[in-house]
Protein chains: 2
Amino acid sequence: MTIPDSPLPDYETLLRASGVRITRPRRTILKILGEHGDHPDALEIFRRASAIDPSISLSTVYRTMRLLEEKGAIHRHAFGGGPSRFEQADSGHHDHLIDMDTGAVVEFRSEAIEALQDEIARELGYEIVFHRLELYARQRREG
Amino acid sequence: MTIPDSPLPDYETLLRASGVRITRPRRTILKILGEHGDHPDALEIFRRASAIDPSISLSTVYRTMRLLEEKGAIHRHAFGGGPSRFEQADSGHHDHLIDMDTGAVVEFRSEAIEALQDEIARELGYEIVFHRLELYARQRREG
DNA sequence: GTCATTGCAAATCGTTTGCAGGGAC
DNA sequence: GTCCCTGCAAACGATTTGCAATGAC
């Protein structure tokens, strides 16, 4: 009995199935998105991609991020009004706590908050399509 | 016994007290921010200001918004990654539901959600400085 | 009178796009 | 072979900035 190497969705196959050509730059970017647990912006992805394939261009990174977003493979964030930062969509829905001192991003999920949001929207006569919850916070000083 | 004309904070006096000169453009912008219950962006504020004082410049609008934000007189939002939209800070904290079809913004506040957020942050070892909760929603079709 | 503030134009930042060549299928 | 994708450079929208003139105090 063999244990599958990776439980992650195979985006390459998924994308190909939806008519997207898997090119070298796209494969490189997908690899980068799969490897890191952080939330890089386009420039950072470009830097990491350049290390693997120096011929890649920043426009292709932007184009690919847009494509992947449309295909639902990634999510786009704009923490603190800064440049867009991306993360693979496969990890299920969660919200973000942003460490204001380090810029680190902590993911969390609260069923209670999710439920309350739905309730609030319903009371206002709306149905939530998606939401964005960001906690900007500082590490607690024990003392 | 007289009822005060306006319960709103007098930003002009407040700003003056913190060393800010009250110029014509600034007075105009403050007036606009006080009048409307919506969330205009810089260009819209510029348009409204131009109607009052045609000599005002867009740069001054941007500079003033930055100043007012630093002084805590306004809050800045970036709904859906679009241009910054502003609102006077005096109305107390609330969150936003954005109507995805009309762009309308509905304000709401949930003590329960606020409390849960604090709890989550505390469990993660953080203390919230501020947060951002945006519900992107569509009006419920009854049927 | 002093110095912050302004309008203007040019610069900047993140991002998108037109184009001609190149590569996936 | 077809047509999508690419890199490049130029265009873009939102916002910021350098500068000399102006206006608040």
Side-chain angles (χ1 to χ4, degrees), chain A residues 11-32 39-71 73-86 103, chain B residues 11-32 39-71 73-86 103:
Chain A
Y11 284 121
E12 221 172 285
T13 306
L14 244 49
L15 288 168
R16 209 187 296 264
S18 85
V20 171
R21 290 187 183 171
I22 301 305
T23 63
R24 195 136 96 90
R26 284 178 181 165
R27 201 183 319 257
T28 303
I29 291 170
L30 282 173
K31 185 164 183 287
I32 289 165
H39 301 69
D41 61 17
L43 198 55
E44 176 59 24
I45 293 169
F46 172 65
R47 281 195 209 98
R48 295 179 190 173
S50 297
I52 301 174
D53 169 13
S55 77
I56 205 167
S57 84
L58 183 53
S59 350
T60 294
V61 172
Y62 276 112
R63 274 191 280 235
T64 302
M65 300 326 282
R66 178 160 295 275
L67 175 75
L68 295 179
E69 189 187 13
E70 277 163 11
K71 297 295 180 185
I74 59 171
H75 292 309
R76 177 191 298 262
H77 303 287
F79 303 133
S84 292
R85 295 171 63 176
F86 307 91
Chain B
Y11 284 120
E12 219 172 287
T13 306
L14 243 49
L15 288 168
R16 209 187 296 265
S18 85
V20 172
R21 290 185 185 173
I22 301 304
T23 63
R24 195 136 95 90
R26 283 178 182 167
R27 203 184 315 260
T28 304
I29 291 170
L30 283 173
K31 185 165 183 287
I32 287 166
H39 302 69
D41 62 17
L43 198 56
E44 175 59 24
I45 292 170
F46 172 65
R47 282 195 209 97
R48 294 179 190 173
S50 297
I52 301 174
D53 169 13
S55 76
I56 205 168
S57 84
L58 184 53
S59 349
T60 294
V61 172
Y62 277 112
R63 275 192 279 236
T64 303
M65 301 326 284
R66 178 161 295 276
L67 176 76
L68 295 179
E69 188 186 14
E70 277 163 11
K71 296 294 180 184
I74 60 172
H75 292 309
R76 177 191 299 260
H77 303 287
F79 303 132
S84 291
R85 295 171 62 176
F86 307 92

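Just so it is clear: chains get the letters A, B, ... in the order the sequence lines come, proteins before strands, and each one is counted from 1.
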| field | Straight-line distance of B/D41 CG to B/F46 CZ, nearest 0.5 Å | value | 12.0 Å
| said: Would you say A/R16 places a side-chain N or O within less than 4.0 Å of OP1 or OP2 belonging to C/dA24? | reply: no
| query | Please give, in whole Å, the distance from C/dT15 C1' to A/L67 CG? | reply | 16 Å
| remark: Side-chain contact check for B/P83: nearest option of D/dG7, D/dT15, C/dT6 is D/dT15
| said: Quick check on DNA chain D: between A/G19 and B/R76, whose nearest nucleotide comes earlier from the 5' end? | reply: A/G19
| task | Would you mind classifying the nucleic acid contact of B/I56 as base, sugar-phosphate or nothing, using non-hydrogen atoms under 4.0 angstrom? | result | sugar-phosphate
| said: Quick check for you: to the nearest 0.5 Å, what is the distance between B/R48 atom CZ and B/K31 atom NZ? | reply: 12.0 Å
| request: Could you tell me the separation between the CD1 atom of B/I29 and the P atom of C/dT6, rounded to a whole number of Å? | output: 8 Å
| remark: To the nearest angstrom, the CZ-C1' distance between B/R27 and D/dA24 comes to 10 Å
| message | Is the phosphate of D/dT6 approached by A/S55 (side-chain N or O, under 4.0 Å from OP1 or OP2)? | response | no
| query | Below 4.0 angstrom from OP1 or OP2 of C/dT6, is there any side-chain N or O of B/S57? | reply | no
| Among B/R26, B/R27, B/R21, whose salt bridge (Lys or Arg N to Asp or Glu O under 4.0 Å) with B/E12 holds? | B/R27
| For atom CG of A/L43 and atom P of C/dT12, their distance in whole Å | 17 Å
| Can you check the B/R21 CZ to C/dG1 C1' distance for me, whole Å? | 11 Å
| query | Starting at the 5' end of DNA chain D and moving along, which residue's nearest nucleotide shows up first, B/R24 or B/A42? | reply | B/A42
| field | Sugar-phosphate only, base, or nothing, as touched by B/S59 at under 4.0 Å among non-hydrogen atoms | value | base
| Roughly, in whole Å, what's the span from OH in B/Y62 to P in C/dT12? | 18 Å
| query | Distance from A/I45 atom CD1 to A/T64 atom OG1, nearest 0.5 Å? | reply | 9.5 Å
| query | Just how far is it from atom CZ of A/R63 to atom OG of A/S57, taken to the nearest 0.5 Å? | reply | 6.0 Å
| message | Side-chain N or O of A/R26 versus OP1/OP2 of D/dT6: is the shortest distance under 4.0 Å? | response | yes
| query | For the pair made of CG in B/L58 and P in C/dA9, what is the distance, rounded to whole Å? | reply | 13 Å
| How long is the line joining CZ of A/R63 and P of D/dA11, in whole Å? | 16 Å
